[in-house]
There are 2 protein chains.
Amino acid sequence: MEISKAEFEVMNAVWQGAPCTAADVVARLDNQTDWHEKTVKTLLNRLVKKGALGFDKDGRRYLYKPLFGRDEYRIKESTSLLNRLFDGRVSPLVSAFASRKQLSQQDIEELKDLIKQWEQTND
Amino acid sequence: MEISKAEFEVMNAVWQGAPCTAADVVARLDNQTDWHEKTVKTLLNRLVKKGALGFDKDGRRYLYKPLFGRDEYRIKESTSLLNRLFDGRVSPLVSAFASRKQLSQQDIEELKDLIKQWEQTND
DNA sequence: AAATTAAGATTACACACGTAATCATATTGT
DNA sequence: ACAATATGATTACGTGTGTAATCTTAATTT
């Protein structure tokens with residue numbers, strides 16, 4: 001199951017708080033995009049058909065809810081990118097950023113903390 | 001400029017060694033895919049139109065060459081993914097992998113080395 | 001009760017994409 | 001010289017995507 005760019009924005013809006021109505025999603029997206037309400041409804045529909053969203057009926061409205069979490073999606077997308085571009089591993093990605101001077105002192109501190117955590121848990 | 005999945009495979013083949021002919025690309029892809037020669041030519045054409053590939057004429061053949069490097073592309077795609085999914089920073093991505101037990105001892109070692117390098121260069 | 005509104009369902013439509021086949025033409029083999 | 005071949009160009013065609021408009025029907029307003 002593949003989610004398009006526009007569909008992802010809608011998922012994001014739903015992840016912000018579910019269950020939620022189509023009107024909620026439209027309202028949440030109003031800040032980020034200038035999509036017509038009809039456009040948003042179309043995308044909700046497609047996401048339901050794709051199995052990315054489910055819903056319960058509330059009268060004649062739908063209460064939408066995501067069928068997988070943001071974290072799950074993040075990992076799936078990241079793994080896919082790492083596989084396509086970085087031999088499936090994290091460090092070549094970090095390395096690419098490092099050699100492009102794309103890492104800040106803060107990034108480094110955060111990575112060091114993560115490593116410390118990991119070692120406490122895994123060693 | 002956006003490159004599709006299939007187009008990316010072709011770029012990969014060209015990055016393997018450029019300049020190269022369409023026949024070269026077809027041959028290189030023959031291992032990974034079972035695309036028809038015509039399909040590959042179509043993709044080469046589209047990549048030229050998109051400005052991802054250039055070429056010099058060699059008689060009536062083209063010698064294709066990439067107009068941007070693999071590294072450049074990797075950074076662009078990764079930055080885009082980080083922006084969409086991880087607040088634009090590297091460490092939340094690493095963190096997501098860590099909390100999913102998706103990091104190996106080797107990954108950690110590589111990250112530590114990278115950090116050491118970075119600190120030698122930047123401190 | 002009739003008219004308006006609002007929800008989701010269906011339809012629309014141009015452009016991208018995957019996956020070729022056909023066309024035009026230059027080169028090569030016989 | 002003519003036929004076969006190889007190269008890039010053009011055309012094809014179903015499916016996905018961005019971006020809605022229209023349709024159907026239930027609820028709300030007057």
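Chain identifiers are assigned alphabetically (A, B, ...) following the order of the sequence lines, protein sequences preceding nucleic acid strands; residue numbering begins at 1 within each chain.
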Expressed in angstrom and rounded to an integer, what is the separation of [X] atom [atom1] from [N] atom [atom2]?
X	N	atom1	atom2	answer
B/K38	D/dG8	NZ	P	10 Å
A/H36	D/dT19	NE2	C1'	10 Å
A/W35	D/dA21	CH2	P	15 Å

Q | Derivation and outcome, side-chain contact (heavy atoms from CB on, under 4.5 Å), residues A/I3 and A/Y73 | A | CA-CA 10 Å; A/I3 285 181; A/Y73 182 76; 4.2 Å; yes

Need one value for [X]: base, sugar-phosphate or nothing, where a base atom within 4.0 Å counts as base even if backbone is also close, heavy atoms only.
X	result
B/K50	sugar-phosphate
B/A22	sugar-phosphate
A/S4	sugar-phosphate

(Q) For the helix from C/dA1-D/dT30 to C/dT30-D/dA1, what angle separates the axis at the start from the axis at the finish, each from five pairs, in steps of 10°? (A) 20°

Got a donor-acceptor pair under 3.5 Å from the side chain of [X] to the base of [N]?
X	N	result
B/K41	D/dT7	no
A/R60	D/dA27	no
B/R46	C/dT19	yes

**Q.** Side chain of A/Y62 - closest among C/dA21, C/dA9, D/dG8
**A.** C/dA9

